[in-house]
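All chains are named by letter (A, B, ...) in the order of the sequence lines, taking the proteins before the strands, and each is independently numbered beginning at 1.
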Protein chains: 2
Amino acid sequence: MAITIKDIAKKANVSITTVSRVLNNKTEGIGEETRKRVLDIIEELDYRPNTIARSMVTKQTNTIGLIIPDIRNPFFPELVRGVEDFANDAGYSVFLCNTDGSIKREVEALRLMKEKNVDGIVFTYSHATTKHPFQSLVHRHRIPVVLLDRGLDGEKYSGVYTDNEKAGYIATKHLIDLSHVQIGCITGPEHVQNSKDRLKGYMKALNQAGIPVDHRRIVSGDYQLEGGYRAAKALLEKGHVTAIFAFNDLMAFGVYQAAAEMGVTIPDDLSVVGFDNLKYNRLLQPKLTTIEQPTYEMGKTATELLLQQIRESKRVKTQTIYLDPSLIIRNSTKKRRTEDD
Amino acid sequence: MAITIKDIAKKANVSITTVSRVLNNKTEGIGEETRKRVLDIIEELDYRPNTIARSMVTKQTNTIGLIIPDIRNPFFPELVRGVEDFANDAGYSVFLCNTDGSIKREVEALRLMKEKNVDGIVFTYSHATTKHPFQSLVHRHRIPVVLLDRGLDGEKYSGVYTDNEKAGYIATKHLIDLSHVQIGCITGPEHVQNSKDRLKGYMKALNQAGIPVDHRRIVSGDYQLEGGYRAAKALLEKGHVTAIFAFNDLMAFGVYQAAAEMGVTIPDDLSVVGFDNLKYNRLLQPKLTTIEQPTYEMGKTATELLLQQIRESKRVKTQTIYLDPSLIIRNSTKKRRTEDD
DNA sequence: TTGTACGCGTTATCAA
DNA sequence: TTGATAACGCGTACAA
């Protein structure tokens with residue numbers, strides 16, 4: 001059998017209460033002498049309190065859940081480390097759960113987290129619909145939640161996001177500044193909030209420049225390389241684009257592939273802007289102009305917010321934090337060749 | 001307050017024992033009628049048993065720990081999904097922990113897992129030294145462990161690996177078959193077992209072909225892009241290599257960068273073989289010849305072994321499983337130009 | 001300053 | 001077929 005608080009108590013000739021006090025650093029009501037004796041014995045036996053038993057009474061597990069679509073999407077590892085590092089430093093462990101963006105699995109994950117009695121959940125919410133069962137679940141269990149990266153209309157829950165509308169705006173503006181007019185864009189899945197916001201920014205930039213929005217130039221992607229490839233093919237075949245704004249780098253990779261196959265040269269024939277500034281996009285030739293979001297930071301911030309919410313369980317007012325994106329100009333964008341050149 | 005087994009019992013006019021039986025599908029000793037009644041009420045109240053309380057008595061948490069160096073290394077997400085998917089399907093949750101390959105953090109992670117009472121641990125063991133505190137920890141707590149990807153000399157613990165020696169052999173053999181003689185190699189960190197094994201394979205192939213091993217052609221890397229870059233620069237500057245075998249794709253990426261900077265053309269001036277077959281190495285130009293290992297499968301298999309060990313807690317004999325690597329020939333390797341050409 | 005005793009929600013043992 | 005009750009290991013109100 002594992003060694004328990006009782007064993008320590010017996011060996012130190014004190015009650016378990018006393019040991020418990022020492023364990024929890026209760027300063028008052030304990031003799032310096034006994035404290036030391038207990039501490040020594042704890043050390044000697046390498047005793048660790050049983051967190052399960054402790055949780056039974058404290059109702060806390062020092063554990064949080066992290067629900068994401070798919071860790072294999074290269075955007076997420078950085079985010080996950082942000083969450084993990086902050087959580088660990090604060091004494092929390094994290095359950096990781098992949099849902100592949102399926103509502104069914106999101107609900108399962110949520111239930112699971114509840115059963116595991118996590119103290120809170122960081123959730124990258126793939127479905128920006130208010131009908132998501134998420135709402136009733138969270139509400140019924142009163143479990144602290146912070147949304148991350150992908151949110152929900154309104155500010156009903158705390159959340160940490162990149163300012164996606166702004167990002168979409170500056171990316172598109174950059175292309176406009178390079179004299180591009182026929183600017184295609186490849187969105188993420190339709191139900192993902194950050195994609196919607198990036199699209200807003202895209203349209204805003206066009207409107208502001210007096211360029212009419214042509215819906216044939218807006219193609220749905222899936223945030224995967226393959227979707228970017230297909231979308232780019234469609235855009236390039238229908239012609240009439242001199243630039244493409246892909247809503248993430250992965251899809252921009254697909255654009256590169258499609259362009260290569262079709263004999264379209266980047267950036268001479270086609271300018272490309274991506275999103276995320278993935279570490280390994282430096283492999284691309286030419287180097288990709290892209291939007292950088294502070295991914296690691298986002299994970300950290302979300303976790304910070306969550307722990308805050310957990311500790312001051314009184315209704316801390318929900319906060320929504322938008323972090324600033326920035327445009328990184330490299331070699332995949334270039335001034336459009338005009339008839340005059 | 002959350003709803004408990006008591007509430008169900010009261011509402012169904014039965015004892016908690018009966019409810020517990022229904023919950024655990026005890027077939028014998030329960031009336032079909034009462035079972036149904038209880039089940040209905042459980043459904044009606046959407047009751048879920050408290051896993052913590054359950055764990056208190058069963059000594060099982062249905063949780064496993066997964067300890068890896070860094071999820072941001074693109075090799076690991078695939079591995080992690082393999083573990084996660086298998087574990088989840090079997091009703092287990094997984095704690096993820098990054099150690100950055102530091103022994104100190106590995107030990108911390110191990111302790112943490114122990115405190116969280118995980119039923120078992122999947123561990124990618126960065127330090128193939130028998131002095132690792134890991135040993136005493138695991139032994140003292142009698143906690144099932146399966147090593148993954150990176151092991152330990154000997155077969156003291158169950159483990160799932162790629163047959164790295166074979167992989168190193170076929171990669172090198174491929175270069176030799178292309179008439180290369182001056183073949184450099186960039187290893188992983190020195191204390192990592194899989195790097196040692198790959199090196200064995202490399203040497204074996206050279207020996208078999210009667211090519212003397214030149215230790216100036218063996219450079220230590222770190223399994224990171226940057227280390228591959230530095231090592232490649234060293235190899236190319238000292239000259240005398242017409243081919244490089246990088247012990248992972250990430251470092252092969254670094255080789256590409258170094259080559260580009262130094263005006264060395266792949267594959268005309270330099271053949272390159274990588275290792276891992278990362279999904280996004282398809283972005284490289286020319287496409288990378290590499291070793292594929294069944295990463296996802298490895299994660300699955302390791303978890304399968306672990307759960308087996310957990311369930312049949314009687315000393316299941318330790319198993320070591322080697323999965324087969326395969327060589328994927330693309331465009332980064334080419335027959336060496338000889339003086340006769 | 002220290003200790004006794006109860007409760008957390010569940011399973012398991014034994015009796016009815 | 002069912003139920004009363006003792007564990008599991010810890011924190012804590014209350015008593016000493």
Side-chain angles (χ1 to χ4, degrees), chain A residues 1-42 45-63 91 114-119 141 313, chain B residues 1-39 41-42 45-63 91 114-119 141 311 313:
Chain A
M1 265 343 286
I3 150 170
T4 79
I5 199 173
K6 264 190 202 154
D7 303 315
I8 306 292
K10 193 181 296 174
K11 190 146 184 178
N13 271 320
V14 295
S15 73
I16 60 169
T17 308
T18 304
V19 179
S20 177
R21 286 196 182 106
V22 173
L23 244 31
N24 296 290
N25 288 316
K26 303 280 185 206
T27 40
E28 62 187 60
I30 200 154
E32 208 38 62
E33 205 171 328
T34 31
R35 143 165 282 133
K36 179 144 179 35
R37 184 153 37 98
V38 170
L39 241 25
D40 283 348
I41 295 186
I42 286 178
L45 271 54
D46 191 32
Y47 162 74
R48 313 265 155 181
N50 181 323
T51 53
I52 304 232
R54 179 176 277 175
S55 295
M56 280 259 6
V57 16
T58 62
K59 302 293 176 204
Q60 297 232 340
T61 54
N62 273 22
T63 297
K114 171 59 191 163
E115 272 177 32
K116 292 290 182 181
N117 291 82
V118 298
D119 296 336
H141 299 305
S313 68
Chain B
M1 268 338 288
I3 151 171
T4 79
I5 200 173
K6 265 189 201 156
D7 303 317
I8 306 293
K10 193 181 298 174
K11 189 147 184 177
N13 269 318
V14 294
S15 73
I16 58 172
T17 309
T18 302
V19 178
S20 177
R21 284 195 182 105
V22 173
L23 244 30
N24 296 288
N25 287 316
K26 304 277 187 209
T27 40
E28 63 188 57
I30 199 156
E32 208 37 61
E33 206 170 327
T34 31
R35 145 165 280 133
K36 180 146 179 29
R37 184 153 37 101
V38 170
L39 242 25
I41 295 186
I42 286 178
L45 271 53
D46 191 31
Y47 162 74
R48 312 267 156 182
N50 181 323
T51 52
I52 305 233
R54 177 176 280 173
S55 294
M56 278 250 21
V57 17
T58 62
K59 302 292 175 202
Q60 298 231 341
T61 54
N62 274 22
T63 297
K114 170 57 190 165
E115 271 177 31
K116 292 292 182 179
N117 293 82
V118 299
D119 295 335
H141 299 306
R311 294 201 251 247
S313 68

Atom-pair distance (NZ on B/Lys6; P on C/dT10), nearest Å:
9 Å
Contacts of A/Asn25 meeting side-chain hydrogen bond (donor to acceptor under 3.5 Å, both in side chains) (sequence neighbours excluded), chain-then-number -> none
Of all the nucleotides listed (D/dG9, C/dT10, C/dG3), which has the minimum atom distance to the side chain of A/Val14?
C/dG3
A/Ile5 CD1 to D/dT12 P, in whole Å, measures 11 Å
Just to confirm, is there a sub-4.0 Å distance from OP1 or OP2 of D/dC10 to any side-chain nitrogen or oxygen of A/Tyr47?
yes
Could you measure the distance from the CG atom of A/Asp7 to the CD1 atom of A/Ile42? Nearest 0.5 Å is fine.
11.5 Å
To the nearest Å, give me how far apart CD1 (B/Ile42) and P (C/dT10) are.
10 Å
Is any side-chain nitrogen or oxygen of B/Thr58 closer than 4.0 Å to OP1 or OP2 of C/dT11?
no
Nearest nucleotide by nearest heavy atom, which residue falls closer to the 5' end of DNA chain C, A/Glu32 or A/Ile16?
A/Glu32
What integer distance in Å separates B/Ile52:CD1 from C/dT10:P?
11 Å
OP1 or OP2 of D/dG11 under 4.0 Å from side-chain N/O of A/Lys26:
no
Taking D/dG9, C/dA12, D/dT12 as options, the one with an atom nearest any side-chain atom of B/Val57 is C/dA12
Would you compute the distance between atom CD of B/Gln60 and atom OG1 of B/Thr51 and round it to the nearest 0.5 angstrom?
12.5 Å
What is the distance from CG of B/Asp7 to C1' of C/dC8, rounded to the nearest Å?
14 Å
Winner on side-chain proximity to A/Met56, out of C/dC8, C/dT10, C/dT4, is C/dC8
Considering just the side-chain nitrogens and oxygens of A/Ser20, establish if one lies under 4.0 Å of OP1 or OP2 belonging to D/dG11.
yes
Report the distance from atom NZ of A/Lys36 to atom P of C/dT1, rounded to the nearest whole Å.
18 Å
Does C/dG9 have its OP1 or OP2 closer than 4.0 Å to a side-chain nitrogen or oxygen of A/Lys59?
yes
B/Asn13 CG - D/dA4 P separation (whole Å)
12 Å
I'd like to know if B/Thr17 reaches the base of D/dA4 with its side chain such that a donor and an acceptor end up less than 3.5 angstrom apart.
yes
Just checking B/Thr18: base, sugar-phosphate only, or nothing, at a heavy-atom cut-off of under 4.0 Å?
sugar-phosphate
Looking only at heavy atoms, the pair that brings A/Ser15 and A/Ala9 closest together is C-CB, 3.8 Å
Shortest side-chain distance from A/Arg21, nucleotide among C/dT2, D/dT12, D/dA4:
C/dT2
With a non-hydrogen cut-off below 4.0 angstrom, is A/Thr34 in contact with a base, only sugar-phosphate, or nothing?
sugar-phosphate
Of C/dG3, C/dT10, D/dG3, the nucleotide closest to the side chain of B/Thr4 is C/dT10
Please confirm whether the shortest side-chain N or O distance from B/Asn24 to OP1 or OP2 of C/dT11 is below 4.0 Å.
yes
May I ask you to check whether over 12 heavy atoms, not counting those of A/Lys116, lie within 6.0 Å of atom NZ?
yes
For a side chain to side chain donor-acceptor pair (under 3.5 Å) check, start with the C-alpha distance between A/Thr61 and A/Asn117, then their side-chain angles and the critical distance, and finish with the verdict.
CA-CA 7 Å; A/Thr61 54; A/Asn117 291 82; over 6 Å; no
Please report, rounded to the nearest Å, how far the P atom of C/dT1 is from the CZ atom of A/Arg37.
15 Å
